[in-house]
**Student:** 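Here it is, the structure, as structure tokens.
Just so we're on the same page: letters track the sequence lines, and every chain starts at 1.
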Protein chains: 2
Amino acid sequence: MNAQFKRGIIELCVLTALLEEDKYGYLVINEISQYLDVNENTIYPILRRLTMDGCFTTYLEESELGAPRKYYRLTQKGLKQYKELRDEWDQFIGGVYQILNQGGKKSEEVFERISQRIKE
Amino acid sequence: MNAQFKRGIIELCVLTALLEEDKYGYLVINEISQYLDVNENTIYPILRRLTMDGCFTTYLEESELGAPRKYYRLTQKGLKQYKELRDEWDQFIGGVYQILNQGGKKSEEVFERISQRIKE
DNA sequence: CACAGTACTGTGCGGCACACAATACCTATT
DNA sequence: AATAGGTATTGTGTGCCGCACAGTACTGTG
């Protein structure tokens, strides 16, 4: 999976995951890695950075099966950050689709035509 | 505009722009910058890199208003690269939407509820 | 005790957007 | 002739961040 694609978006995914309820790090990682190929070396630093930036507060809670879990709770600043990032993302992705889908979706037939043109 | 979002995607946009017809650098830049905030310092290096990689061949053609234009023409390898990158992109973006839109789109009413929860 | 799940920290690398800068060619305008 | 603007290339440097790799540490279970 192209690592470049993920740049900046994972941060938005982390904020989204923590929007409606507090979660501990491992849970966030497991949820996100269901859909995207990311690991803890990427998510933990983002959680830390966003906490440093004031987007989350944290608290520890006992776990039934291991070390205590560190829960992350969104702050007002985190919510604001989420909204801004989401708006930017939606706007960005709108532009990308204008470019990628100009002339509609590409079919195998279109690729065949392109392929023929290139050969000449 | 979040520069991180663009990572890797501009390359796909450049390939897409040159899919159906040969174009010169400035035209590609103008087309893409209609929809995304990018400038020549980003596009030219990508055109050069992809040419180095064998995705494009180039040829010069006289212009009516300035220096000769360098046209870029997609190669079979470039078409292959486009397909691969596009597939990766579609797959990636599918995962992102799963995460971003879990529980449907966020409304102001939802944000109000989240905002209240955080205050407690 | 070993192991797995949970959690944090630190280092280093690579890739790329992009600012900044310099060069140069051609035409049209002043 | 000088200037400006569109076209085009090249090079340097910076910053960000995904992520590999590595090490530490706590807890309950087999």
Side-chain angles (χ1 to χ4, degrees), chain A residues 1-15 18 22-33 35-53 56 58-72 85 88-89 92 95-96, chain B residues 1-15 18 22-33 35-53 55-56 58-72 81 85 88-89 92 95-96:
Chain A
M1 172 56 66
N2 191 319
Q4 298 302 324
F5 285 161
K6 301 174 200 168
R7 292 262 182 159
I9 294 117
I10 302 185
E11 182 176 320
L12 179 55
C13 291
V14 168
L15 285 163
L18 285 157
D22 303 354
K23 289 172 186 169
Y24 55 97
Y26 245 65
L27 184 59
V28 173
I29 291 162
N30 286 336
E31 286 186 357
I32 292 180
S33 66
Y35 302 106
L36 296 179
D37 180 27
V38 287
N39 66 29
E40 77 273 13
N41 297 309
T42 298
I43 306 291
Y44 275 131
I46 290 174
L47 286 168
R48 266 180 269 158
R49 194 178 70 240
L50 289 174
T51 304
M52 282 299 103
D53 290 349
F56 301 127
T58 64
Y59 57 93
L60 288 175
E61 210 162 271
E62 292 298 310
S63 161
E64 285 162 17
L65 32 77
R69 291 164 170 168
K70 187 183 233 180
Y71 281 78
Y72 296 85
L85 214 53
E88 276 187 40
W89 171 254
F92 169 74
V96 169
Chain B
M1 173 54 68
N2 191 319
Q4 298 302 322
F5 285 161
K6 301 174 200 168
R7 294 264 181 158
I9 294 115
I10 302 185
E11 181 176 322
L12 179 56
C13 290
V14 167
L15 284 163
L18 285 157
D22 304 354
K23 289 171 186 169
Y24 55 96
Y26 246 64
L27 183 59
V28 173
I29 291 162
N30 287 336
E31 286 186 357
I32 292 180
S33 65
Y35 302 106
L36 296 179
D37 181 28
V38 287
N39 65 29
E40 76 273 14
N41 297 309
T42 299
I43 306 291
Y44 274 130
I46 291 174
L47 284 169
R48 265 179 270 157
R49 192 179 72 239
L50 289 174
T51 304
M52 281 301 102
D53 289 350
C55 292
F56 300 128
T58 63
Y59 56 94
L60 289 174
E61 211 162 270
E62 293 296 312
S63 161
E64 285 161 17
L65 34 77
R69 291 163 169 168
K70 188 183 234 181
Y71 280 79
Y72 296 85
Q81 174 71 7
L85 214 52
E88 275 188 40
W89 171 253
F92 169 74
V96 169

**Student:** Expressed in angstrom and rounded to an integer, what is the separation of B/I29 atom CD1 from C/dC18 atom P?
**Tutor:** 12 Å
**Student:** Report yes if at least one side-chain N or O of B/Y26 is closer than 4.0 Å to OP1 or OP2 of D/dG5; otherwise report no.
**Tutor:** no
**Student:** Check the distance between D/dG6's P and B/E31's CD and give it to me in whole angstrom.
**Tutor:** 17 Å
**Student:** Looking for any heavy atom pair under 4.0 Å, which part of the strands does A/F92 touch: base, sugar-phosphate only, or nothing?
**Tutor:** nothing
**Student:** Report the distance from atom NZ of A/K70 to atom P of D/dC26, rounded to the nearest whole Å.
**Tutor:** 15 Å
**Student:** Using a 4.0 Å heavy-atom cut-off to protein, can you give one letter per nucleotide of nucleotides 16-24 of chain D, 5' to 3': B if the base is in contact, S if only the sugar-phosphate is, - if neither?
**Tutor:** BBSBBBB--
**Student:** Starting from C1' on C/dC8, measure out to CD1 on A/I43 and report it in whole angstrom.
**Tutor:** 15 Å
**Student:** Mind checking whether B/F92 and B/I9 have side chains closer than 4.5 Å, heavy atoms only?
**Tutor:** no
**Student:** Taking atom C1' of D/dT7 as reference, at what distance in whole Å does atom OH of B/Y72 sit?
**Tutor:** 11 Å
**Student:** Would you classify A/Y24 as touching base, sugar-phosphate or nothing, given that sugar-phosphate means primed atoms plus P, OP1 and OP2, and contacts are heavy atoms under 4.0 Å?
**Tutor:** sugar-phosphate
**Student:** Could you tell me how far apart B/Y59 (OH) and D/dT9 (C1') are, to the nearest whole angstrom?
**Tutor:** 19 Å
**Student:** Please identify which of these residues, B/V28, B/I29, B/L27, meets the side chain to side chain contact (heavy atoms under 4.5 Å, CB included) condition with B/E31.
**Tutor:** B/L27
**Student:** Take atom CG of B/L85 and atom C1' of C/dG15, then tell me their distance rounded to the nearest Å.
**Tutor:** 14 Å
**Student:** Output all residues satisfying side chain to side chain donor-acceptor pair (under 3.5 Å) with B/Y24, sequence neighbours left out; order by chain, then residue number.
**Tutor:** B/R69
**Student:** Is any side-chain heavy atom of B/V96 closer than 4.5 Å to one of A/L12?
**Tutor:** no
**Student:** With B/D22, which residues qualify under side chain to side chain donor-acceptor pair (under 3.5 Å), at least two apart?
**Tutor:** A/R117, B/Y59, B/R73
**Student:** Rounded off to whole Å, could you give me the CG-to-C1' distance for the B/L60 and D/dT9 pair?
**Tutor:** 11 Å
**Student:** To the nearest 0.5 Å, what is the distance between SG on B/C13 and CD1 on B/I43?
**Tutor:** 8.0 Å
**Student:** Compare all side-chain heavy atoms of B/L15 with those of B/Q81 and state whether any distance is below 4.5 angstrom.
**Tutor:** yes
